[in-house]
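To start, the structure under review is shown below, and the notes come after it.
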2 protein chains.
Amino acid sequence: MASSPVPHEPPIYRRIADRLRQAILAGEFRDGDRLPGENALMSEYGIARATARQALAVLINEGVAVPKRGSGVYVRHFRPIRRHGSRRLSREQWGTGKAIWDSDVTGRPFTVDDIVIAREAAAEDVGRVLGCGEVWVRRRRYSVDGRPVQLAASHFPADLVEGTPITVPDTGPGGVYARLGDLGHAPVHFTEEVRARMPSPDEAAKLRLPAGTPVIEVCRSAFAAGGTAVELNKMIIDAASYVLQYDFDA
Amino acid sequence: MASSPVPHEPPIYRRIADRLRQAILAGEFRDGDRLPGENALMSEYGIARATARQALAVLINEGVAVPKRGSGVYVRHFRPIRRHGSRRLSREQWGTGKAIWDSDVTGRPFTVDDIVIAREAAAEDVGRVLGCGEVWVRRRRYSVDGRPVQLAASHFPADLVEGTPITVPDTGPGGVYARLGDLGHAPVHFTEEVRARMPSPDEAAKLRLPAGTPVIEVCRSAFAAGGTAVELNKMIIDAASYVLQYDFDA
DNA sequence: CAGTGGTCTAGACCACATA
DNA sequence: ATGTGGTCTAGACCACTGC
């Protein structure tokens, strides 16, 4: 008997999520607009509550929508900060200065909190890059407009920086790179390794990330003239708040 | 009366997810190991099926675990490909060559499929960067070991490349950049804009991404000597398969 | 106070994988 | 054939938001 050779209809909750996503892309819902809630979907489609929730969960985990307790589910905003890798080659001199993504947060001041400076045993990966067993670590959190956007942890070989201003909160004019220069180890080269992943619960809490928001993990190594690694800066960045820009010549 | 000032216990499903995550980090479950399934969690904790599912969904949406239908939920693997931004400055000459993340896929050959070459009206953002209304687009998908890892779409100003090998599948020796050179528009400068986000359903399907996997979106603009943009390459990259590396001098 | 999302229970049927 | 995850129903109580 010819059984229906249908190429597999998606489940109800997927179809609803797809419809809502389409409506958002088509502009029927704008940034910040309230989407139909669980009750609305239940009555509109004649489905159970859990199914309506599942449909909304799809959009939430895609980062397209954000739930607000007791209020509703809302279309999400994307307003990135632009972070330049090598400022020396930065884009202004190239092309018409046109970028793919707008970044209207650029220029607003960062605030810093949660500063912790400590001498620690180096984690396995950090020790391998810096070539040492003990490190001084400077941890802090950056915020823009009161919204946390980045966690950073700078690691230095303990023997190299012991007793210098790098081990205290105020590093003096020029910051840690100037102090490394004072030591005869000014960074002359950087390499950044970039990956993206979903945040750990700890990172999600510290950055106040809604579901569906990845983080970008940037590990920047700084090298002095001899080729020795003098700093390793691990950054955890709210992916919804940032665009990274790298410039280089052919 | 003194009501209990408890700092809010997390819900059951969160606590179970946290326990499992800890066990994974502690090495009790290794890459590829099977985690306790829904039935196991239901009987172990005396909870309903939906609650056990919710606990597993947390780990799946974090990208920590991957569900396999009819089989189980498994601990996920991270084995990235390393992609170099500017090969000229690449890391080998710096430091001890130690990187934060291993990348054992490096060197394995890419395969290419889904090649589509077409002349189109430029999307709003593409047209702004390239300064034109019509573009030739070269789309393709890259795979490693049969696993799709990247979608790429190179855009060229239509007037610039019309009638050249850039508009046909075989671009000849040296590829599109050599052909741009033939036209007197060899790229001398590149800008890459990098962001991360959750994939659209279409992207997730084309890259066969499990839930909890972000994509990295790289938009690379190539500029010729005069400063005109001659190419815009939009890449959608499986974040679980890639580490991007950028090298630059101070 | 009414409506919203957050959590949870106790069932059900299905498609699929493995043995 | 058994067990697994995938989908769905029909309820319930809670905490929180906004009027």
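Residue numbers start from 1 in every chain, and the chains themselves are labelled A, B, ... in the order their sequence lines are given, proteins ahead of strands.
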Side chain to side chain donor-acceptor pair (under 3.5 Å) partner of B/Ser154, the single match among B/Arg138, B/Arg139, B/Arg140:
B/Arg140
Residue pair B/Asp247, A/Thr191: steps toward the side chain to side chain donor-acceptor pair (under 3.5 Å) verdict:
CA-CA 4 Å; B/Asp247 280 81; A/Thr191 104; 4.5 Å; no
Please give, in whole Å, the distance from [N] [atom2] to [X] [atom1]?
{"X": "B/Glu38", "N": "C/dG11", "atom1": "CD", "atom2": "P", "result": "16 Å"}
{"X": "B/Tyr74", "N": "D/dG5", "atom1": "OH", "atom2": "P", "result": "8 Å"}
{"X": "A/Ile12", "N": "D/dT7", "atom1": "CD1", "atom2": "C1'", "result": "8 Å"}
{"X": "A/Arg69", "N": "D/dA15", "atom1": "CZ", "atom2": "C1'", "result": "6 Å"}

Considering only heavy atoms, which members of residues 41-66 of chain B lie under 4.0 Å from some atom of DNA chain D?
B/Arg49, B/Arg53
Has the side chain of [X] got a donor or acceptor atom that lies under 3.5 Å from a matching backbone atom of [Y]?
{"X": "A/Arg15", "Y": "A/Pro10", "result": "yes"}
{"X": "B/His77", "Y": "B/Asp31", "result": "no"}
{"X": "B/Arg141", "Y": "B/Leu207", "result": "no"}
{"X": "A/Arg220", "Y": "A/Met235", "result": "no"}

Under 4.0 Å, counting only non-hydrogen atoms across every strand here, what does A/Arg34 touch: a base, just sugar-phosphate, or nothing?
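Here A/Arg34 touches the backbone only, sparing every base.
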Establish, with yes or no, whether the OP1 or OP2 oxygen of D/dT4 is under 4.0 angstrom from a side-chain nitrogen or oxygen of B/Asn39.
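Checking D/dT4 against B/Asn39, a side-chain N or O does come within under 4.0 Å of OP1 or OP2.
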Does D/dC8 have OP1 or OP2 sitting under 4.0 Å from an N or O in the side chain of A/Tyr13?
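It does not, given that no N or O in the side chain of A/Tyr13 lies less than 4.0 Å from OP1 or OP2 of D/dC8.
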